[in-house]
Amino acid sequence: MNDYLARLNPEQREAVETVDGPLLVLAGAGTGKTRVLTTRFAHILLTGRAYPSQVLAVTFTNKAAREMRERVAAIIGGPAEGLWLGTFHALCARMLRRHADLVGLTSSFNILDSDDQLRLLKQVMEAARIDTKRWAPPALMGFIQRWKDRGLPPERVTAAEDTDFAGGRAKELYAAYQARLKALNTADFGDLLLHVTEILRNHPDVLAQYHHRFRYILVDEYQDTNLVQYMWLRLLAQSHKNICCVGDDDQSIYSWRGAEVENILRFEHDFPGARVVRLERNYRSTAPILAAAAGLIAHNEGRLGKTLRPGGNDASGEKVSIVGLWDSAEEARMVAERAAKLREGGHLLADMAILVRTMAQTRAFEERFIAVGLPYRIVGGLRFYERQEIRDAIAYARLIQQPADDLAFERIVNLPRRGVGETAVRAMHDISRARAIPLSAAAGAMVAEGGLRGKARDAVQALLRGFDRWREMLERDGHVTTLATMLDESGYTEMWRQDKSPEAPGRLENLKELVRALADFETLGGFLDHVSLVMENEENSAADRIGLMTLHAAKGLEFDTVFLPGWEEGLFPSQRSMDESGNKGLEEERRLAYVGLTRARRRAIVSHAANRQLYGKWQDSIPSRFLDEIPDAHVERIGSAAMRRERMISAPSVFSGQFPLAARRPRVTEVWEQPARPARADAVPVGARVFHQKFGYGTVTAVDDDKLDIDFETSGAKRVLDRFVERT
DNA sequence: AGGTTAGTAATTTTT
DNA sequence: TTACTAACCT
C-alpha cells in the first residue's frame with residue numbers, strides 16, 4: 001500500500017510527506033527530483049487530500065509535463081482525469097481562454113510564435129517611422145520580452161526600467177505593439193503569463209475561484225522561473241500556501257531569458273516559515289564525476305550551499321578525461337574514435353552524447369561522423385511547429401478560425417505564388433488602415449471595387465472564395481477534412497510536390513503528419529493551441545545514434561558517456577556572456593559546465609583545441625579556466641600540458657588565419673587508431689528504394705560493402721554510406 | 001513580380 | 001565560414 005514511500009530516501013520522503021504549507025526542495029543534479037515531485041503528487045491524491053483537478057502542477061517543458069503525467073498515472077494506477085498539469089504557458093493559455101474578455105480579447109484568440117511576433121513588431125516600428133536598420137526589431141523584441149518577463153505591461157514600465165532604444169520611444173512602441181496584438185485578437189507567448197497575472201491581480205473574484213480550485217501547487221525547475229511566473233504562483237498560492245517548489249540554483253542557466261534565481265530567496269521571504277529540504281544524494285554519476293562537478297561549481301559565489309554526494313557506496317569509476325587537441329577537426333576525430341571504440345566494447349551510441357556550447361560547433365562533428373559512418377542525431381534545432389511548411393499550414397488554419405488574423409493572411413496571400421506582389425499587399429494595408437478593417441476584408445473590397453487587376457485580382461478573389469468555402473466546410477465536414485482539402489485546393493501541397501529540393505518530400509510528410517495529428521482534437525481551436533504550445537519534433541526512429549546537442553538542450557537528460565568539447569576561453573566560458581554580464585555571466589557559464597558534467601553517468605571526456613575557426617578565421621585559443629577548477633585528483637589529462645607548451649613556441653599570432661594549420665601542426669599529441677569497421681547485419685540490395693535525410697528518396701544502383709551508389713530522385717547520383725539511408 | 005547579387009552580421013532558446 | 005537581408009536587374 002505505502003510502498004511508493006518505502007522507495008524513497010529520508011530526505012526525499014520528507015519532501016513528499018511535508019504536504020501542507022510552503023516547501024522548497026533544493027534538489028541537486030541526479031538526486032531524484034522528478035521522483036519526489038511525482039510521488040508527492042500521487043501522495044496528495046492517495047491520502048485523499050485533494051482530487052486530481054485540485055492540484056496545479058507546473059513544468060517548463062512539455063516533455064517534463066508528459067513525464068510527470070505518466071509517472072503519476074503509474075503510481076495511482078490509471079490515468080487521472082481533469083489534471084491541471086502542464087507548462088506555465090499551456091496552463092495560462094487555458095486560463096486566459098476563460099477570461100479573455102477581461103483583457104480585451106475573445107476566447108478564440110490566436111497565439112503568435114516568435115516569428116510572427118517579430119514581423120508584427122517590425123510593422124509597428126515602420127508605422128512609427130523608426131529606421132529599422134539603425135534600431136533592430138529583434139533588440140526591441142528583447143526589451144519587450146524582458147518587460148513581460150517582469151510582469152510589466154506598457155503602462156507600468158517605469159523610467160528605471162526604460163531604455164534609450166529608438167531615442168526613448170521603446171515604451172511607446174511597446175504600447176503600440178500590444179494594441180496591434182489586441183486588434184488582431186492575438187497573444188504572444190509572454191502575453192499568456194502577463195495577461196493572466198493582470199487578471200488575477202485586478203479581479204479578486206476570479207482569483208478567488210482559483211484559490212478555491214487549487215488546493216496544492218507543485219512547481220518544477222523553480223530556478224528557471226521569471227518574475228511574472230513567480231507573481232502568478234504567489235497569487236495562486238497566497239490563500240492556502242500549499243506550494244512546493246523544486247529547483248537547483250546550481251543549474252540556473254536561463255537568466256538571459258529572464259529567469260531569476262533570486263526567486264528561490266524570495267520564496268523563503270514571501271512564505272515565512274517555509275520548510276527547506278535539500279536533496280544531495282546523487283544516484284546518477286560515479287564518484288569522480290561528482291567530485292569534479294562539485295569542485296568546479298564550488299568556484300561560484302552566493303550559492304545556497306549544497307554538496308552532491310554519491311548515493312551508492314561504490315567509490316570507484318573512471319577519472320574525468322581532459323584531452324588537449326590541435327584543432328576542432330582533431331577533436332571531432334578523437335570523439336568519433338572513442339565513441340566507436342566504446343561501441344565495439346558493447347556500449348550503445350544512444351547512451352553517449354556530445355554537449356557543445358554553441359550549435360556552430362556541431363559541424364566539425366557532423367562532418368567527421370559522416371566520413372566514418374557513425375550514426376548521430378542532432379537534438380534541438382527546429383521544433384515541429386517552427387518548420388516553414390507547418391507554419392504555413394497553420395496560417396491557413398488560423399485564417400479559417402479568424403479572418404481578422406492579418407499576419408496569417410500576409411503569410412499565405414502569395415503562397416503558393418499567385419502573382420500577388422509587394423505592391424498589391426501594400427495597397428491592401430492602406431485600405432485596411434484607412435477603413436479599420438482586416439487585411440482579408442480589405443482584399444475583398446479591392447476585388448469588388450477594382451482596386452486590383454489582372455492576375456492578382458483573379459488570384460485574390462479565388463483565395464477569398466476558397467476561404468468562404470472552407471469555412472462552410474468546417475461546419476459541415478469537420479476540421480480534418482477541411483484542413484486537408486484546403487491545403488490541396490489552395491495549391492499549397494502542389495507547391496511542394498513541384499519543389500525539386502531534397503527537403504520537399506519530408507515537408508509533404510510533415511503536412512500529412514499535421515493532418516493526422518488534427519484528428520486527435522475535437523476542434524480546430526484546440527488543435528491550434530496544441531500546435532503552438534505543445535507539439536514537438538517527432539522522435540526520429542529508435543535507431544542507435546550518438547546525440548549531438550547544446551549544453552542547454554541537455555539539461556534534464558543523462559548519458560553513460562558524455563563528451564564535452566570546446567572548453568576554451570572565449571568559447572566556454574563564452575566571451576559574450578562575460579562581456580555582457582561580467583562575473584554573473586561567468587558564473588552562469590560555470591553552472592552550464594556543471595550541468596554538462598553532471599549529465600554523465602559513467603564517463604566524461606572534456607576536450608579543448610588549440611586552434612579554432614571562428615567565422616572563417618583561425619584563432620588560437622587557450623584552455624578554459626574551468627579546466628583548472630576541476631580538482632586534479634579526479635582528472636586524467638591527456639595532451640593538454642604538451643599543448644600549452646606547444647602554443648608558447650608556435651608561430652607568432654600575426655600569421656593566425658593566414659596559413660593552413662597543417663603547416664604549423666605540432667608533434668603528435670596522441671595517436672588515434674582507425675576504428676575497425678563495424679560489421680553490418682543488414683545489407684541493402686541493389687534496386688532497393690531508400691530514403692536519405694539530406695538527399696531524399698532514391699534507388700540503389702550498386703553496393704560496395706558499406707558504400708552504396710544511389711540514384712536520388714531529386715539530387716542525382718551519389719555515393720553514400722549505408723547507415724545513412726533507411727529502406728522504404 | 002520575381003530572381004540575382006552584394007553586403008553584413010554572427011551564443012545559449014524549455015514556450 | 002555561412003545565412004540572411006536589401007537593393008538591383010530582367
Side-chain angles (χ1 to χ4, degrees), chain A residues 58-67 86-93 111-114 117 122 132-133 136-139 141-142 145 148-149 187-193 220-221 223-226 228-229 251-259 328 355-364 367 379-383 385-386 414 417-425 454-456 459 529-537 549-557 566 570-581 585 588-589 591-593 595-596 612-619 657:
Chain A
V58 202
T59 63
F60 273 85
T61 65
N62 294 299
K63 198 169 152 226
R66 201 183 326 118
E67 197 177 314
T87 63
F88 276 100
H89 295 269
L91 292 166
C92 280
I111 298 167
L112 295 191
D113 60 42
S114 37
Q117 290 173 36
K122 196 172 171 206
T132 52
K133 261 182 271 166
M141 197 74 243
Q145 271 164 358
K148 290 186 178 180
D149 288 342
D188 67 17
F189 284 130
D191 282 341
L192 297 174
L193 265 301
D220 191 16
E221 303 282 13
Q223 76 285 348
D224 289 337
T225 51
N226 59 35
V228 71
Q229 288 161 338
Q251 292 188 67
S252 164
I253 55 174
Y254 282 108
S255 74
W256 51 275
R257 264 182 97 252
S328 54
L355 312 183
V356 294
R357 177 67 246 266
T358 73
M359 270 296 179
Q361 290 172 261
T362 58
R363 230 187 74 196
E367 279 170 6
V379 179
L382 284 188
R383 261 153 291 288
Y385 73 87
E386 283 171 340
N414 198 32
R417 292 262 140 85
R418 300 186 169 91
V420 183
E422 208 186 308
T423 31
V425 173
K455 212 174 143 197
D529 268 12
H530 174 80
V531 176
S532 49
L533 289 172
V534 180
M535 199 147 173
E536 294 177 49
N537 255 339
M549 68 198 87
T550 63
L551 286 157
H552 284 91
K555 190 164 141 216
L557 305 177
L571 177 61
F572 192 38
S574 139
Q575 193 57 51
R576 190 155 163 185
S577 278
M578 294 187 291
D579 290 348
E580 283 173 8
S581 313
E588 181 149 318
E589 295 287 307
R591 291 194 291 269
L592 202 46
V595 166
R612 194 167 288 274
Q613 222 173 359
L614 184 69
Y615 307 142
K617 288 226 168 61
W618 284 101
Q619 320 248 189

Which one, B:dA1, B:dT11, B:dT15, comes nearest to the side chain of A:Arg576?
B:dT11
Please give, in whole Å, the distance from B:dT13 P to A:Lys148 NZ?
22 Å
Positional range of nucleotides in DNA chain C within the contact set of chain A, heavy-atom, under 4.0 Å
C:dT1 to C:dA7
What's A:Gln361 touching, base or sugar-phosphate or nothing? Going by heavy atoms closer than 4.0 Å.
nothing
Could you state the atom-to-atom distance from CG of A:Asp529 to P of B:dT15 in whole Å?
14 Å
Is there a donor-acceptor pair closer than 3.5 Å between any side-chain N or O of A:Asp224 and the backbone N or O of A:Ala259?
no
Identify, between A:Gly421 and A:Gln575, the residue whose nearest nucleotide on DNA chain B lies closer to the 5' end.
A:Gly421
So what does A:Thr550 touch, heavy atoms closer than 4.0 Å: a base, only the sugar-phosphate, or nothing?
sugar-phosphate
From the set B:dT15, B:dG2, B:dT12, return the single nucleotide nearest to any side-chain atom of A:Arg417.
B:dG2
Mind checking if A:Glu422 touches a base, just sugar-phosphate, or nothing, with heavy atoms under 4.0 Å?
sugar-phosphate
Atom CG of A:Asp224 and atom C1' of B:dT15 are separated, to the nearest Å, by 12 Å
Examine B:dT15: is either OP1 or OP2 under 4.0 Å from a nitrogen or oxygen in the side chain of A:Ser114? Give yes or no.
no
For residues A:Glu221 and A:Tyr254, determine if any side-chain heavy atom of one lies less than 4.5 Å from a side-chain heavy atom of the other.
no
For A:Gln145 and B:dT13, give me the distance from atom CD to atom C1', rounded to whole Å.
10 Å
Quick one: sort the A:Trp256 and A:His552 rings into parallel, tilted or perpendicular, breaks at 30° and 60°.
perpendicular
Is A:Tyr254 stacked against the base of B:dT13, taking the criterion as centroid distance under 5.5 angstrom and interplanar angle under 30°?
no
Side-chain ion pair, A:Arg363 and A:Glu367, N-O less than 4.0 Å:
yes
Just by modelled atom types, is the A:Leu533 backbone N or O under 3.5 Å from a matching donor or acceptor in the A:Asn62 side chain?
yes
Check whether the side chain of A:Arg357 and the base of B:dT11 form a donor-acceptor pair under 3.5 Å.
no
Can you tell me how far P in C:dC4 sits from the matching atom in B:dT13, rounded to whole Å?
16 Å
In whole Å, I'd like the distance from the CZ atom of A:Phe189 to the P atom of B:dT13.
15 Å
Using atom CG of A:Leu592 as one end and atom C1' of B:dT12 as the other, report the distance to the nearest whole Å.
7 Å
With sugar-phosphate meaning primed atoms plus P, OP1 and OP2, does A:Lys455 contact a base, only sugar-phosphate, or nothing at under 4.0 Å between heavy atoms?
nothing
Is it the case that B:dT11 (base atoms only) and A:Ser577 (side chain only) share a donor and an acceptor within less than 3.5 Å, ignoring hydrogens and angles?
yes
Select from A:Thr423 and A:Tyr615 the residue whose nearest nucleotide in DNA chain B is closer to the 5' end of that strand.
A:Thr423
Here the distance between atom C1' of B:dT11 and atom NZ of A:Lys555, to the nearest Å, is 17 Å
Side chains of A:Ser574 and A:Glu589: does their closest heavy-atom pair fall under 4.5 Å?
yes
Verify the contact: side-chain N or O of A:Asn414 to OP1 or OP2 of B:dG2, cut-off strictly under 4.0 Å; return yes or no.
yes
Can you figure out which of B:dA1, B:dT15, B:dT12 approaches the side chain of A:Thr87 most closely?
B:dT15
Short side-chain to backbone donor-acceptor contact, A:Gln223 and A:Ser252, under 3.5 Å:
no
Send over the distance from A:Glu221 CD to B:dT15 P, rounded to a whole Å.
12 Å
Under 3.5 Å donor-acceptor, A:Glu588 side chain and A:Gly585 backbone:
no
